[in-house]
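The structure appears below as structure tokens.
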Amino acid sequence: MNSIDKNKNTFALTTPLYYVNDLPHIGSAYTTIAADVIARFERQRGKSVLLITGTDEHGQKIERTAAARGLEPQAHCDEIAAGFQTLWQKLDIQYDRFIRTTAPTHEAIVKEFFQRVWESGDIYLSQQKGWYCVSCEEFKEERELLEGRRCSLHPNKEVEWRDEQNYFFRLSKYQSQLEELYQTRPDFIGPSSRRNEVLSFVSQGLQDFSISRLNVEWGFPMPIDPSQTIYVWFDALLGYVTALLDPDTEPTLENALSKWWPINLHLIGKDILRFHAVYWPAMLMSAGVPIPDRVFGHGFLTMNGQKMSKSIGNIIDPVALVNRYGADAVRYYFMKEIEFGRDGDFNEKERFIPILNADLANDLGNLLNRTLSMARRYCGDKVPPISGKDIPPDNPLKAIGSDLGSRVAQAYENLAFSNATEAVLTLIRSGNKYIDEQAPWKLYKQGNQQAVEQVLYAVLESVRLAAYLLSPIIPNISNDIYQQLGFDTNFNDKTQINVSAAFIIHANWGILPNSQTLGEPRPVFGRLELPETGSA
RNA sequence: GGCUCAGUAGCUCAGUUGGUUAGAGCGCGGGACUCAUAAGCCUGAGGUCGUUGGUUCAAUUCCGACCUGAGCCA
């Protein structure tokens, strides 16, 4: 992070701008959940956060998909973009900007950026011949095609022969500058296995790539040659810049880059790493714009160990999943059970339901429930009249809780969501163990009121801290827990959360105020049952 | 073919500079308790740490070869 100003109080991050050829799939949801978790975490720490998501809407593939549906391209895009927004709402994604590359402001940004690259002398006209996969929107080498001239990524579509004059971007010119970037900023690409791949790719020598297309109507015309349209990727990447414009400001690069640039984190799937880690920085270098801090390519999801594909018919519909289990359950599973950066599996019966029941219902939810019941029965309506300072440092929960906040923060910073979750679970599990060891129900019968209060306070406070540290992942459950502990905090209030529950206070163990009135014990996460039908 | 990553208990994974009986969660067997969402706690079984050479007093941990799986090579 050498060149990164750690004191900067803003944090801008992006999901990919999702291609609107189809409704959102589970992979898009996965990326977006992770981005939202980071955004929520940074907001709690008091940063000004801008979470950018949106849709990439141009290109021949969209043109054809719309035509096949008998729709105008824009009508098709409107419908799919709305589908993304609906899903993000269901998943409690708090994005700040939803940029659509068909926005009028975007065209102005793309033109101005193009102009800069043009003036750098990095655009030239040349002949392009080869097999083109419309689904990838890319030229393919003969040797990478399957039998019958089919793209390996889209085996049911034949590639098309193209022989046309296109404008090219001088990527080759930036080879050494890119290599220097990777050297001086080792964290620019993550995880490190992906970084290695990029390094090896770049070291083989970079070739210029075409940034215009002939005979594609659905795109921005080339400023210097309106007979061609701008290549969809060139256009799409710049969506990250357009998204930075405040509403009602003049769409200029200067305005767009003034507050939030450079982006702190581009979160993407591993499939589009090359565009973000190679093409994108080169384009920015050409235009004289600083490079973002970090690009992280996470892994793919499999379904019961198998690659998901439409032809196999094992696609997870994210909307159906959230409708059935709720946002927190889905968010928790993906963040806890899948190591971010690596591929991970979704198995509803063997992992999804058992893990959620064990962690959220049995361990966390039940711990609150049993402790709250005792507290109300043995100590009245209020938090036991103890303060965190009264509890000795060798109390097992205090010992774990005292540096948990900083450890979890470190994990979130490293995008190690499963580590963050695991660390919090250690406290929760210790809470259950501690209760059984101390047996406050016995202490109460023995009339040892002081011990009862101390035990219950320590456990309630541990549940609170767990809820706080997990709130970026499970905001609704955390809300319920906080409410039952007598707070009126709302973890979904993104403008207030850094004030109402500031990290520097709430991430510590021992801050539960004993003046607070406890709420009714109600399960915060009901045990899940496997649906009767339709599960695999 | 070149390169990257992974291969540790039935399953998902920890194991940060090589060092006593290799860990966790889930699942499975047994037990004690009763505050609780039939949850929680204790306890047991279960691993030649992919295979094979080598370095070392000592390797899951370092080096080589090989096998298996995933991925990158425009």
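Just so it is clear, the model here is predicted, and its values are computed rather than measured. Labels below follow one simple rule: chain letters A, B, ... track the order of the sequence lines, proteins then strands, and each chain is numbered from 1.
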Next on the checklist: The test is side chain to side chain donor-acceptor pair (under 3.5 Å); show your working for Arg370(A) and Asn432(A) and say whether it passes.
Outcome noted: CA-CA 10 Å; Arg370(A) 65 194 299 207; Asn432(A) 276 312; 2.9 Å; yes
Next on the checklist: For Gln446(A) and Asn448(A): C-alpha separation, side-chain torsions, deciding distance, then whether side chain to side chain donor-acceptor pair (under 3.5 Å) applies.
Outcome noted: CA-CA 6 Å; Gln446(A) 292 161 3; Asn448(A) 194 344; 5.2 Å; no
Item to check | Test log, rule salt bridge (charged side-chain N to carboxylate O under 4.0 Å, His left out), inputs Arg185(A) and Glu180(A) | outcome: CA-CA 8 Å; Arg185(A) 284 166 47 182; Glu180(A) 193 190 329; over 6 Å; no
Item to check | Derivation and outcome, side chain to side chain donor-acceptor pair (under 3.5 Å), residues Asp345(A) and Asn304(A) | outcome: CA-CA 6 Å; Asp345(A) 193 46; Asn304(A) 303 335; over 6 Å; no
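Taking side-chain N and O atoms only, Asn196(A) has no distance below 4.0 Å to OP1 or OP2 of C72(B). Between Arg274(A) and C73(B) there is a side-chain polar atom (N or O) within less than 4.0 angstrom of OP1 or OP2.
Rounded to a whole angstrom, the distance from the C1' atom of G1(B) to that of C11(B) is 36 Å. With both ends at atom C1', the span from C33(B) to A39(B) equals 13 Å, rounded to whole Å. When the P atom is used for both A9(B) and C63(B), the distance is 22 Å, rounded to whole Å. On the C1' atoms, U12(B) is 11 Å away from G27(B), given to the nearest whole Å. As rounded to the nearest Å, U4(B) and G47(B) have C1' atoms that lie 28 Å from one another. With P as the reference atom, U43(B) and C26(B) are 14 Å apart, rounded to whole Å. The same atom, C1', is picked in U55(B) and in G64(B); the two are 11 Å apart, to the nearest Å. For the P atom pair drawn from U56(B) and G18(B), the interatomic distance equals 16 Å after rounding to whole Å.
Searching all strands for a Watson-Crick or G-U wobble partner of C62(B) with both distances below 3.5 Å returns G54(B). Pairing partner, A6(B): U68(B), with both Watson-Crick or wobble hydrogen-bond distances short of 3.5 Å. Judged by Watson-Crick or G-U wobble contacts below 3.5 Å, the nucleotide C33(B) has no partner. Using N1 to N3 plus N6-O4 or O6-N4 for Watson-Crick, or N1-O2 and O6-N3 for G-U wobble, each under 3.5 Å, G44(B) pairs with C28(B).
Atom CD of Glu529(A) sits in a sparse spot, with 12 or fewer heavy atoms from other residues, nucleotides or ligands closer than 6.0 Å.
Closest to the side chain of Ser200(A), from the set C3(B), A14(B), C73(B), is C3(B). Distances were taken from every side-chain heavy atom of Arg342(A) (C-beta onward) to each of U12(B), A6(B), A70(B); the shortest belongs to A6(B).
Following rounding to the nearest Å, Glu422(A) (CD) and G23(B) (C1') show an atom-to-atom distance of 12 Å. A straight line from CG of Leu443(A) to P of C33(B) spans 17 Å, rounded to a whole angstrom. A straight line from CZ of Phe201(A) to P of G71(B) spans 18 Å, rounded to a whole angstrom. Following rounding to the nearest Å, Lys336(A) (NZ) and C11(B) (P) show an atom-to-atom distance of 18 Å. Summarising the geometry, the separation between CD on Glu339(A) and C1' on C11(B) is reported as 17 Å, rounded to the nearest angstrom. Atom P of nucleotide A14(B) and atom CD of Glu337(A) are separated by 12 Å, given to the nearest angstrom. The separation between Asn347(A) atom CG and C13(B) atom P is 12 Å, rounded to whole Å. The CD atom of Glu350(A) sits 11 Å away from the C1' atom of C26(B) (whole-angstrom rounding).
Ring geometry, His266(A) versus Trp280(A): the interplanar angle exceeds 60°, so the pair is classed perpendicular (tilted spans 30 to 60°). Ring orientation note: the planes of Tyr182(A) and Phe188(A) are close to parallel, at an angle under 30° on the 30°/60° scale.
Between His276(A) and Tyr240(A), the distance from one ring center to the other falls under 6.0 angstrom.
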Checklist outcome for this item: Its contact letters, B for base, S for sugar-phosphate only and - for none at protein heavy atoms under 4.0 Å, make nucleotides 34-44 of chain B read SBBB-SBSS--
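A donor-acceptor pair is defined here as one N or O able to donate and one able to accept, closer than 3.5 Å; such a pair exists between the side chain of Arg331(A) and the backbone of Leu91(A).
Positionally, the nearest nucleotide of RNA chain B for Pro354(A) lies more toward the 5' end than for the other of Gln204(A) and Pro354(A).
A side-chain contact (heavy atoms from CB on, under 4.5 Å) with Asp359(A) is found for one member of Leu425(A), Leu364(A), Thr421(A), Leu470(A) and no other, namely Leu425(A).
Within the structure, salt bridge (charged side-chain N to carboxylate O under 4.0 Å, His left out) pairs that include any residue of residues 459-469 of chain A comprise Glu461(A)-Arg464(A) (at least two apart or interchain).
Nucleic acid contact class of Gln207(A) (heavy atoms, under 4.0 Å, all strands): base. Within the 4.0 angstrom heavy-atom criterion, base atoms lie near Leu206(A).
Residues from residues 472-482 of chain A that place a heavy atom under 4.0 Å from any atom of RNA chain B: there are none.
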